[in-house]
Amino acid sequence: MIETIVLDVGETIIRDDRYWASWADWLDVSRHTLSAMVGAVVAQGRDNADALGLIRPGIDVAAEYRAREAAGQGEYLDDSDLYDDVRPALSMLRSAGLRVVVAGNQSSRAGELLRGLDLPADLIVTSGEWGVAKPQAAFFQRVLEVAQAAPQAVVYVGDHPANDVFPAKAAGLRVAHLRRGPLGHLWADAPEVVAAADWRIDTLIELAEVVKS
């Protein structure tokens with residue numbers, strides 16, 4: 001019986017459009033160019049953040065984050081960054097009596113911004129706040145702690161095979177692979193993803209059926 005749903009952030013509940021557009025503007029390249037670089041590293045099975053290094057070799061991403069904040073061009077989120085199914089799906093899950101947690105690889109600042117959106121979730125936390133990030137096993141141990149349920153009663157939902165599907169499964173959680181964003185679409189039918197995921201979904205609304213199964 002499923003008791004807790006834990007959701008990734010980027011390309012699961014939040015569109016990454018603004019994120020990459022802001023980086024392109026900061027690095028003074030066209031948004032199309034950076035978008036293409038993100039696609040290239042995704043296709044190679046690399047972290048999408050590697051695209052920044054292709055644009056500016058040797059970039060210190062942490063230092064650039066600080067410089068952007070100092071220049072008034074730091075992270076920002078509002079309701080327009082949410083996928084349309086997020087609020088109704090999360091509300092539906094809570095109404096069904098499930099604990100809803102949002103936990104992904106984002107900065108501490110992103111955690112503050114997400115909580116400011118007043119989402120229907122019991123807890124929102126980020127890797128920056130925990131000091132440990134996916135795909136590390138320690139991240140999913142923290143997920144289990146905040147899920148407040150046994151591993152087999154927890155479903156982790158995400159688009160990224162290497163960061164979401166495989167490590168969550170290795171931690172004993174059940175997994176819903178979301179076909180959303182570049183990674184979600186590109187790897188949706190990969191045999192190893194199909195084998196690892198307990199469910200494969202196209203929208204968060206489909207989690208209602210996951211809960212029943």
Side-chain angles (χ1 to χ4, degrees), residues 6-78 80-83 101-117 123-143 145-146 156 158-168 170-171 178 180-187:
V6 185
L7 300 101
D8 172 43
V9 178
E11 292 302 338
T12 296
I13 66 170
I14 295 291
R15 301 175 185 275
D16 280 345
D17 306 51
R18 186 199 299 272
Y19 177 83
W20 291 114
S22 67
W23 270 113
D25 295 345
W26 179 255
L27 297 175
D28 196 26
V29 297
S30 74
R31 294 179 177 186
H32 170 71
T33 296
L34 183 52
S35 178
M37 292 299 98
V38 172
V41 298
V42 166
Q44 294 169 5
R46 297 161 58 187
D47 191 288
N48 53 16
D50 289 350
L52 300 176
L54 294 176
I55 299 297
R56 183 181 291 176
I59 187 173
D60 183 335
V61 176
E64 294 296 328
Y65 261 114
R66 293 191 293 272
R68 288 182 56 184
E69 289 288 346
Q73 298 182 39
E75 292 183 82
Y76 179 77
L77 291 171
D78 62 25
S80 68
D81 296 299
L82 293 173
Y83 276 97
V101 175
V102 175
N105 275 0
Q106 271 71 34
S107 66
S108 298
R109 174 59 176 156
E112 296 172 2
L113 293 167
L114 285 165
R115 289 188 288 273
L117 296 179
L123 177 69
I124 296 174
V125 68
T126 67
S127 59
E129 295 166 326
W130 273 346
V132 62
K134 297 182 293 184
Q136 296 176 58
F139 179 94
F140 289 94
Q141 287 304 309
R142 295 299 301 271
V143 165
E145 290 171 10
V146 299
Y156 193 84
D159 64 301
H160 197 314
N163 279 357
D164 301 327
V165 177
F166 303 142
L178 178 62
R180 178 174 282 176
L183 285 155
H185 283 93
L186 184 61
W187 301 103

So ring-ring contact (aromatic ring centres under 6.0 Å, His included) across residues 40-70, not counting sequence neighbours, yields Trp23-Tyr65

For a quick test of your reading: what N or O donor-acceptor pairs under 3.5 Å do the side chains of residues 49-59 make, sequence neighbours left out?
unit_1, atom_1, unit_2, atom_2, d
Asp50, OD2, Arg46, NE, 3.4
Arg56, NH1, Glu64, OE2, 3.3

Across all chains, not counting sequence neighbours, the side-chain hydrogen bond (donor to acceptor under 3.5 Å, both in side chains) partners of Gln106 are none

The reported gap from CG in Leu7 to CG in Leu178 (rounded to nearest 0.5 angstrom) is 9.0 Å

### SB check Arg142 Glu145 (cutoff 4.0 Å)
yes

With sequence neighbours left out, the residues meeting ring pair (Phe, Tyr, Trp, His ring centres under 6.0 Å) with Trp187 are none

Output for pair (Leu183 CG, Asp164 CG), nearest 0.5 Å, gives 9.0 Å

- So, do Val42 and Leu186 sit near enough that their side-chain heavy atoms are less than 4.5 Å apart? yes

Residues passing the salt bridge (Lys or Arg N to Asp or Glu O under 4.0 Å) test with Asp159, sequence neighbours excluded, are none

Quick note, salt bridge (Lys or Arg N to Asp or Glu O under 4.0 Å) partners involving residues 104-117, not counting sequence neighbours, are Arg109-Glu112, Arg115-Glu129

Self-check item: Glu75 and Tyr19: side chain donor to acceptor below 3.5 Å
Solution: no

By side-chain hydrogen bond (donor to acceptor under 3.5 Å, both in side chains), Asp8 pairs with (sequence neighbours left out) Thr12, Lys134

Residues at least two apart in sequence or cross-chain that pass salt bridge (Lys or Arg N to Asp or Glu O under 4.0 Å) with Asp28, listed by chain then number, are none

Looking only at heavy atoms, the pair that brings Ala171 and Phe140 closest together is CB-CB, 3.8 Å

Are the side chains of Trp130 and Val143 in touch, meaning some heavy atoms are under 4.5 Å apart? yes

Looking only at heavy atoms, the pair that brings Leu34 and Ala24 closest together is CD2-N, 3.5 Å

Output, in order, the C-alpha distance, side-chain angles, deciding distance and verdict of side chain to side chain contact (heavy atoms under 4.5 Å, CB included) for Leu123 and Val102. CA-CA 6 Å; Leu123 177 69; Val102 175; over 6 Å; no

All heavy atoms of Trp26 vs all of Gln73, minimum pair found to be CE3-OE1, 3.4 Å

Across all chains, not counting sequence neighbours, the side-chain hydrogen bond (donor to acceptor under 3.5 Å, both in side chains) partners of Asn48 are none

Hits for side-chain hydrogen bond (donor to acceptor under 3.5 Å, both in side chains) against Arg15, two or more places apart or cross-chain, chain-then-number order -> none

Salt bridge (Lys or Arg N to Asp or Glu O under 4.0 Å) pairs touching residues 30-42, sequence neighbours excluded, are Asp25-Arg31

So do the side chains of Ile13 and Leu114 get within less than 4.5 Å of each other, counting heavy atoms only?
yes

Scanning both residues in full, the closest heavy-atom pair of Ala162 with Pro135 reads O-CB, 3.3 Å

ring-ring contact (aromatic ring centres under 6.0 Å, His included) pairs touching residues 42-62, sequence neighbours excluded, are none

Output for pair (Thr126 OG1, Asn105 CG), nearest 0.5 Å, gives 9.0 Å

Item to check | Heavy-atom side-chain proximity of Gln136 to Ser127 below 4.5 angstrom | outcome: no

